[in-house]
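Right, one structure below, let's go through it.
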Amino acid sequence: MDADPLRQLAAWLDAARSAGEPMPEAMTIATATADGIPAARMVILRGLQRGLAFFTDLTSDKGAELAANPRAAAVLHWLRPVHRQVRVAGPVEPVTEEEANEYWRTRPAATRRNAAASYQSSVIANQAALQTRVKDMQLRHLADTDLPRPQRWGGFRVLPDRIEFWQESPDGLHDRIRYRRASNNWTIERLSP
């Protein structure tokens, strides 16, 4: 195991990609409201600089939960090359405006248009109303390249204070390694399965 858990996570992601794991960057993000009501959903891991970055509508349920209670847990799970999972927990910070702008520009035009037209987690009358907003957005931004990133669209970074790597063993003695942040260093511990 690498001394740095984010480098270790990057190595496991690379191994899953190389083995043909579909969507290895898919991860569950668990949040909780200010009064502790939990919620979990799938997002896409978009970077490992200082933590696990993902992008979303900041006014969505997850955005509101993270604003009120800025801590999260994440789980990544793969079946290839072997059965593995990684659990991460820690405080959350917003990504910078520059990071959000940079990622926004990499998204396909239709995806940017749909994200700008849709206020994630808000109640809509029906699918036709949403499609009308998308068409209106398309008429206002014919070139597709001039569609600015809405201020409500950005991202978050989970800053791990705990990361656990789990690998299945056929005999049930699964391999578990936990990294715990201690000041600016990591303590590495082997856990009983």
Side-chain angles (χ1 to χ4, degrees), residues 1-2 4-17 21-80 82-96 99-100 103-104 107 111 114-115 118-124 152-168 174-182 186-193:
M1 301 293 284
D2 196 292
D4 181 319
L6 294 177
R7 283 195 307 256
Q8 184 63 46
L9 176 51
W12 277 24
L13 275 166
D14 288 344
R17 269 188 221 101
E21 179 74 34
M23 290 289 293
E25 296 84 3
M27 67 179 180
T28 302
I29 285 287
T31 58
T33 62
D35 54 348
I37 299 171
R41 79 284 289 152
M42 299 301 293
V43 298
I44 305 297
L45 173 65
R46 296 297 185 187
L48 286 172
Q49 297 74 33
R50 295 187 315 104
L52 287 71
F54 64 95
F55 294 88
T56 189
D57 186 321
L58 302 176
T59 63
S60 67
D61 287 349
K62 76 178 124 355
E65 290 160 6
L66 289 169
N69 182 5
R71 296 192 64 77
V75 177
L76 293 104
H77 177 255
W78 311 282
L79 296 174
R80 298 179 195 150
V82 294
H83 191 188
R84 291 175 167 167
Q85 77 172 1
V86 177
R87 298 187 319 144
V88 178
V92 173
E93 69 178 14
V95 300
T96 66
E99 288 173 289
Y103 180 67
W104 179 259
R107 302 183 86 196
T111 305
N114 294 343
S118 174
Y119 289 75
Q120 191 178 50
S121 303
S122 66
V123 175
I124 59 173
R152 65 182 162 74
W153 196 91
F156 295 97
R157 178 179 290 105
V158 180
L159 301 167
D161 52 24
R162 238 176 25 256
I163 302 182
E164 182 186 321
F165 292 83
W166 176 93
Q167 183 169 302
E168 181 182 37
H174 311 306
D175 205 10
R176 293 176 65 194
I177 303 293
R178 179 175 58 199
Y179 293 74
R180 280 186 305 111
R181 188 179 297 279
W186 290 98
T187 298
I188 302 174
E189 304 164 313
R190 183 171 298 278
L191 303 177
S192 177

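- Here the CD atom belonging to Q49 is positioned 9.5 Å from the CG atom belonging to L6, to the nearest 0.5 angstrom.
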* To do: May I have the step-by-step check of side-chain contact (heavy atoms from CB on, under 4.5 Å) for V82 and E168, ending in yes or no?
  => CA-CA 7 Å; V82 294; E168 181 182 37; over 6 Å; no
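- Residues V95 and A53 share a closest heavy-atom pair of CG1-CB, 4.4 Å.
- Put simply, the side chain of V158 reaches to within 4.5 Å of the side chain of I29, judged on heavy atoms.
- With sequence neighbours excluded, no residue forms a side chain to side chain donor-acceptor pair (under 3.5 Å) with R181.
- The minimum heavy-atom distance between L58 and G155, with the atom names listed, is CD2-N, 3.9 Å.
- Separating the CZ atom in R162 from the OG1 atom in T187 is a distance of 13.5 Å, to the nearest 0.5 Å.
- For the pair L76 and P24, the minimum side-chain heavy-atom distance is 4.5 Å or more.
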* To do: Could you check R71 against D161 for side-chain contact (heavy atoms from CB on, under 4.5 Å), going step by step and ending with a plain yes or no?
  => CA-CA 11 Å; R71 296 192 64 77; D161 52 24; 3.1 Å; yes
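- Distance CD1/I44 to CE/M27: 8.5 Å, rounded to 0.5 Å.
- Taking 4.5 Å as the limit, every side-chain heavy atom of Q8 sits out of range of all side-chain heavy atoms of I163.
- By the 4.5 Å heavy-atom criterion applied to side chains, E189 and R176 are not counted as neighbours.
- By the 30° and 60° cut-offs, the orientation of the rings of F165 relative to Y179 is perpendicular.
- Contact detail for P160 and R50: the closest heavy-atom pair is CD-O, 3.9 Å.
- Between V92 and E65, the closest side-chain pair of non-hydrogen atoms is not below 4.5 Å.
- Here the side chains of I177 and P5 are not in contact, with every heavy-atom distance at 4.5 Å or above.
- A donor-acceptor pair under 3.5 Å links the side-chain atoms of D57 to the main chain of Q120, judged by distance alone.
- Here the closest non-hydrogen pair linking T28 and A40 is CG2-CB, 3.9 Å.
- Taking each heavy atom of T33 and N69 in turn, the nearest pair found is O-ND2, 3.5 Å.
- How far CH2 of W12 is from CZ of R7: 16.0 Å, rounded to the nearest 0.5 Å.
- Salt-bridge annotation for R84 and E21: absent, with no side-chain N of the basic residue lying under 4.0 Å from a carboxylate O of the acidic one.
- Between I124 and Y119 there is no side-chain heavy-atom pair separated by less than 4.5 Å.
- The two residues A16 and W78 make their nearest non-hydrogen contact at CB-CD1, 3.6 Å.
- Evaluation of the salt bridge (charged side-chain N to carboxylate O under 4.0 Å, His left out) rule for R87 yields E164 as partners, not counting sequence neighbours.
- Taking the six-membered ring where the residue is Trp, W166 and H174 present tilted rings, their angle falling between 30° and 60°.
- Taking CZ of F156 as the reference point, atom CD of E99 lies at 12.5 Å (rounded to 0.5 Å).
- Between S60 and R152, the side chains place no donor N or O within less than 3.5 Å of an acceptor N or O (distance only, hydrogens not considered).
- Relative orientation of the W153 and F55 rings is parallel, given thresholds of 30° and 60° on the angle between their planes.
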* Check the pair R41, T31 against side-chain contact (heavy atoms from CB on, under 4.5 Å), reporting the backbone distance first and the verdict last. => CA-CA 9 Å; R41 79 284 289 152; T31 58; 3.0 Å; yes
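- Annotation: side chain of V43 is not in contact with side chain of T56 (no heavy-atom distance under 4.5 Å).
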